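The structure appears below as structure tokens.
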Amino acid sequence: MSQVPWISVSEARSAASTGKSVELRGWLRTRRDSKGGFSFLEINDGSCLGNLQVVAPGELSNYESVVKNLSVGCSLIVTGEIKASEGQGQATEMLATSVQMIGDADPQTYPLQKKRHTFEKLREWAHLRPRTNTFGAVTRVRNRISFSTHQFFQEEGFLYIHTPIITASDCEGAGQMFRVTTLPAENPPRDPQGKVDFSKDFFGRSAYLTVSGQLEGEIFATACGKIYTFGPTFRAENSNTSRHLAEFWMIEPEAAFFDLNDNMALAERYVKRILKDVLNDCAEDMQFFDERVEPGLIAALKVVLDKPFERISYTEAISILEKSGEKFDYPVSWGSDLQAEHERYLTEKHVQGPVILYNYPAAIKSFYMRMNEDGKTVAAMDVLVPRVGEIVGGSQREERLDRLLARMKELGLSEQDYWWYLDLRRFGSVPHSGFGLGLERIIQFVTGMQNIRDVIPFPRYPGSAEF
RNA sequence: UCCCCUGUAGCUCAGUCGGUAGAGCAGCGGACUGUUAAUCCGCUUGUCCCAGGUUCGAGCCCUGGCGGGGGAGCCA
């Protein structure tokens, strides 16, 4: 059909495209009619934040019939020559020789207007919000972080492992789980006690959506050395906050022969790699977030990039909080978990940047974390960042069979349920460590977006699974 | 799940002491020799979240429900 190459808006905006005759395909963001009898059309195709300004001359055969009626949101194919722009604000523009409307968008009923919408309203239009500047930018940053994740771990020699989404283990201990069943909700089979008989279910037992790939990750780490997972994770908690989702994406590296220090260093390198790549490769999007979403964002991220992450043991953190002179709503005491206000003090006031807290009291952490020599704390670590809080949670795992069994007994966990997990300690056990990083949380941190529901394409949370 | 706030035009909101609703933006029409949140003039737009109740009369007061936001807990 067309004689000229189809290029992206991103490419067309580069000065290197000047003089080329090309075709662009995208959506109209705004139309301005000039006094001179021609129109400016701004086209976006998702390839970048900015639009390309297309000058549609009045001489076009369909100028009066089509061009003058183009409205926000319609799809277009335009051809013409890329020229240096006569106006301010853009390097290049297209002088169109043809403007073809592909699909219209009735301005009377198209929800998106040429004005700012609140994120709350946009959430109701999740099928249209990728067409806005903010969500386009979030989408590109999310993509860049995903790509960096694979690049980083691959370059570090980690194998990408696909751990199961459906798990039969009901005791992963990381929160409420969604049950997976094919039993009829009305009148399911029941055992003699009248309870639902899940032995008749699809898998012959209860099954759930995964809350973590860690335990399966350990299986591969104790065979292949260094592995990572990157997939969806599900929590059926009734949590309603700006940093929780029922379905989210998590990256979980697990490495044999890594101790807690290796683990903390890995987390720091990984987070910094993400920041570096996003700042370098999503500069225009990041500029947008810096101007419109979180002033000072870029400068703050650059500081994070340049400074080593502060490492503070739980015990030190308690003493810092006690000496802070701050008035906290919740008391600070050794042995109890840190409250959000405590974490906020540490990241936002005390170090003004990321903090790695480590060696937590065993009582407030999971059974699989390695007991320290003091017999009171475990080799756990959390990475906390300003604004968002915890983005990484991890630990060195308990590799000593007797210690692990003792701990499980203490917590009333059944050996049988974990037979294969315990086998890893029976046969060729090694010290090993890993962590989970919440993809959406690091996107929040990097973009400055306040609500986690606005950094995932289709958020799932209690009472909400539209789209 | 708990605490606080909130729900009025397509969007953002105002609405006094209880007397049947208004502004900006958007849209539509017009004007204007390159605009870029274009500008200027004119016009249109309502299940006042839902269900009860009080009252001569409810957008406003009361009760219940639903939705949204902020904070807390759970965590990534």
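What you are looking at is a predicted structure, and each value in this text was computed from that prediction instead of being measured. For the numbers below, each heavy atom of this structure counts, side chains included, while hydrogens, waters and symmetry mates do not.
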Which donor-acceptor pairs under 3.5 Å do side chains of residues 351-365 of chain A form with protein atoms, sequence neighbours excluded?
{"from": "A:N359", "atom 1": "OD1", "to": "A:N372", "atom 2": "ND2", "distance (Å)": "3.1"}
{"from": "A:Y360", "atom 1": "OH", "to": "A:D382", "atom 2": "OD2", "distance (Å)": "3.3"}
{"from": "A:K365", "atom 1": "NZ", "to": "A:D382", "atom 2": "OD2", "distance (Å)": "3.3"}

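- Residues that satisfy the side-chain contact (heavy atoms from CB on, under 4.5 Å) test with A:Q151, not counting sequence neighbours, are A:R144, A:F147, A:S148, A:E155, A:R273, A:D277.
- Using a 4.0 Å heavy-atom distance criterion, A:I442 is classed as making no nucleic acid contact.
- Looking at heavy-atom distances under 4.0 Å, A:G87 makes contact with a base.
- Contact annotation for A:E93: base contact, defined as any heavy-atom pair under 4.0 Å involving a base atom.
- Taking the C1' atoms as reference points, B:G22 lies 11 Å from B:G46, given to the whole Å.
- When the side-chain contact (heavy atoms from CB on, under 4.5 Å) test is applied to A:L279, the partners found at least two apart in sequence or on another chain are A:M286, A:I298, A:L301, A:K302, A:L305.
- For the residue pair A:S395/A:R397, the side-chain donor-acceptor check at 3.5 Å is satisfied.
- As rounded to the nearest Å, B:A58 and B:G19 have C1' atoms that lie 10 Å from one another.
- For RNA chain B, the neighbouring residues in residues 326-360 of chain A, judged by any heavy atom under 4.0 Å, are A:Y330, A:Q339, A:A340, A:R344.
- When heavy atoms are screened at a 4.0 angstrom cut-off, A:R453 is found touching the sugar-phosphate backbone but no base atom.
- When base pairs are accepted only as Watson-Crick or G-U wobble with both N-N or N-O distances under 3.5 Å, RNA chain B takes part in stems of 3 or more pairs at B:1-7 with B:66-72, B:10-13 with B:22-25, B:27-31 with B:39-43, B:49-53 with B:61-65.
- Judged as a side chain to side chain donor-acceptor pair (under 3.5 Å), and not counting sequence neighbours, the contacts of A:S313 are A:E316.
- Residue contacts for A:E120: at a heavy-atom cut-off of 4.0 Å it reaches the sugar-phosphate backbone alone, with no base atom in range.
- We find that NZ of A:K121 is positioned 11 Å from P of B:G68, with the value rounded to whole Å.
- At a threshold of 4.0 angstrom between heavy atoms, the contacts of A:S242 are confined to the sugar-phosphate backbone, with no base atom among them.
- Here B:G68 is the nucleotide among B:A76, B:G68, B:U35 with the atom lying nearest to any side-chain atom of A:Y461.
- Between the CZ atom of A:R441 and the P atom of B:A76 there is a distance of 8 Å, rounded to whole Å.
- You'll find that the side chain of A:N240 is closest to B:U1, out of B:A76, B:U1, B:C11.
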If a protein heavy atom is under 4.0 Å from the base, mark B; if only from the sugar-phosphate, S; if neither, -; do that for nucleotides 26-32 of chain B going 5' to 3'. SSS---B
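- On the P atoms, B:U55 is 16 Å away from B:C62, given to the nearest whole Å.
- For the side-chain contact (heavy atoms from CB on, under 4.5 Å) test, residues two or more places apart in sequence or in another chain that qualify with A:S21 are A:V4, A:E81.
- In this structure, CG of A:N451 is placed 11 Å from P of B:G68, rounded to the nearest angstrom.
- Between the side chains of A:S85 and A:Q90, a donor-acceptor pair is found at a separation under 3.5 Å.
- The side chain to side chain donor-acceptor pair (under 3.5 Å) check on A:D45 picks up A:S47, with sequence neighbours excluded.
- Distances from the side chain of A:R32 to the nucleotides B:A38, B:A76, B:C11 place B:A38 closest.
- Not counting sequence neighbours, the partners of A:Y228 by the side chain to side chain donor-acceptor pair (under 3.5 Å) test are A:H150, A:Q154.
- Every pair passing ring-ring contact (aromatic ring centres under 6.0 Å, His included) that includes a residue from residues 445-467 of chain A is listed here, sequence neighbours excluded: A:H127-A:F467.
- Partners of A:F258 under the ring pair (Phe, Tyr, Trp, His ring centres under 6.0 Å) rule, at least two apart in sequence or in another chain, do not exist in this structure.
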